[in-house]
Amino acid sequence: MGKEVSLEVNELVQVSFPDDTAARTFSSRIEDVKENDLYLSWPTDGGSRVPLHGGESLQLSFTREDAIYGLEVSVKKTLTQPFPMVVVQLSTPIQRTQRRENVRVRALLPVELIGEIEQTNPDGDPQIIRIKTNTLDISGGGFAIRHKDPIPMGAIFETKLSLPGSSEPLKVTAKVVRCGAQLDIQKNRVHQLGMMFVSISESLRSRIVRYVFGVQNTAFRQ
C-alpha cells in the first residue's frame, strides 16, 4: 500500500469516478483494512447510496499535512451488514500529488461575476454579462455555477467569491472552461458552467483550499 503512506482505519477519503465529466466527489471513510482490501463506508448522495457495481473503477483521495494522496481501486463487492460498506482492492499504489487545489467539495457560496462577451456581429459592441448566484462546488482551482444562458468557452469574468468567516469577498479572475446544458428540478433548461481561476494569488488559493479541507474533514461530523 505504499512505502511511505498507508491508509488507516477511520481515515476520511473522497471517492470519485475516473470518467465522470462533472468531477463529482463523495465522502467516505475507511472502516477496515485487510491485506490488499479496503472496506469503505458506502458513499451517499443526498441521503441515497451512490450506485456501485463489482469491477467498477474508483479513485480515492485523502489529505495529510504535507500533501494530497490518491490511488485507483476497483470494487470487489458490496455489503449491507453490519452496515452498508464497499470492499475495494487496490489497482495502483498510493501516490503523492502536489495539486492540492484539485480536491473539490459541494458548497453553496455567494458569488458575483462580471465579464464581456464578444458579439458574433463584428460591428456589435461587447455584451456585458453580470451573474449573481451561488456556487455548486468549489476547489482551489475553480468552481461551478448554473446560469440560464450558455456562455462561450474562454470567456473571462472578474469574480467576487464570499467564503464563510470572511469580512470581504475574494476578488479573482476566472474563465469558462466548461458549459453543459441540463434540466433543473422544474424541467427548465439551464447551463452548468465550470470556472477556472486564471489570476489568483497563492494566499487566496490557500484560503480556498483550507475551506475545502474543512468541509471535507467535517463530512462525517455533521
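Only this structure's heavy atoms are used, side chains among them; waters, hydrogens and symmetry mates stay out.
The shortest non-hydrogen separation linking T78 to L52 is CG2-O, 4.4 Å. When every heavy atom of G140 is checked against every heavy atom of V209, the shortest pair comes out as CA-CG2, 4.0 Å. Residues P169 and K160 approach most closely at CB-CB, 4.0 Å, considering heavy atoms. Between R207 and S166, the closest heavy-atom pair is NH2-OG, 2.8 Å. When every heavy atom of E72 is checked against every heavy atom of T92, the shortest pair comes out as N-OG1, 2.9 Å. Contact detail for T173 and I156: the closest heavy-atom pair is CG2-CG2, 3.5 Å.
Summarising the geometry, atom NE2 belonging to H191 is positioned 7.5 Å from atom CG belonging to D149; distances are rounded to the nearest 0.5 Å. Note: L161 CG to M195 CE = 11.0 Å, rounded to the nearest 0.5 Å. Summarising the geometry, atom CZ belonging to R29 is positioned 12.0 Å from atom CD belonging to E11; distances are rounded to the nearest 0.5 Å. For the atom pair CD of E112 and CZ of F157, the computed distance is 13.0 Å after rounding to the nearest 0.5 Å.
Scored by the salt bridge (charged side-chain N to carboxylate O under 4.0 Å, His left out) test, K148 finds no partners at all (sequence neighbours excluded).
Of the N and O atoms on the side chains of Q14 and S27, at least one donor lies less than 3.5 Å from an acceptor on the other residue. Counted by atom type alone, S16 and T25 present zero donor-acceptor pairs between their side chains at under 3.5 Å. Side-chain contact of R146 with Q182: a donor-acceptor pair under 3.5 Å is present, judged by distance alone.
No chain of hydrophobic side-chain contacts below 4.5 Å, direct or via other Ile, Leu, Val, Met, Phe, Trp or Tyr residues, connects M196 to L170. A single hydrophobic cluster is seen to contain both M153 and I151, as judged by linkage of ILVMFWY side chains at heavy-atom distances under 4.5 Å, directly or through other members. At a threshold of 4.5 Å between side-chain heavy atoms, the hydrophobic network of Ile, Leu, Val, Met, Phe, Trp and Tyr places V105 and L109 in one connected group. I94 and V73 fall within a single hydrophobic cluster, where Ile, Leu, Val, Met, Phe, Trp and Tyr are joined by side-chain heavy atoms under 4.5 Å apart, directly or via other members. Residues V190 and V176 are members of separate hydrophobic clusters, defined by side-chain heavy-atom contacts under 4.5 angstrom among Ile, Leu, Val, Met, Phe, Trp and Tyr.
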Margin query: Could you go through D137 and T135, starting from their C-alpha distance and side-chain angles, then the distance that decides it, and tell me whether this counts as side chain to side chain contact (heavy atoms under 4.5 Å, CB included)?
Written below: CA-CA 6 Å; D137 56 46; T135 62; over 6 Å; no
Next item on the list: For the pair V50 and T44, evaluate side chain to side chain contact (heavy atoms under 4.5 Å, CB included) and give the outcome as yes or no after the intermediate values.
Entry: CA-CA 5 Å; V50 176; T44 60; 5.5 Å; no
Next item on the list: Take F26 and F17 through the side chain to side chain contact (heavy atoms under 4.5 Å, CB included) test and state the conclusion after the steps.
Entry: CA-CA 10 Å; F26 306 95; F17 296 89; 3.8 Å; yes
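In this structure, I30 and N10 have side chains that are not in contact, with every pair of non-hydrogen atoms separated by 4.5 Å or more. Side-chain contact check for S28 versus L40: some heavy-atom pair is nearer than 4.5 Å. When side chains are defined from C-beta on, D37 counts as touching Y39, because their heavy atoms get closer than 4.5 Å. Inter-residue side-chain proximity for V86 and L38 is flagged as unmet; no heavy-atom pair is nearer than 4.5 Å. For the pair V198/V172, no side-chain contact is recorded, criterion being any heavy-atom separation below 4.5 Å from C-beta on. The shortest distance between side-chain heavy atoms of L113 and I129 does not fall below 4.5 Å. Between F197 and K175 the shortest side-chain heavy-atom distance does not fall below 4.5 Å. Side chains of F143 and I208 form no contact here, defined as non-hydrogen atoms less than 4.5 Å apart.
Salt bridge present: D45 and R106 bring a charged side-chain N and a carboxylate O closer than 4.0 Å.
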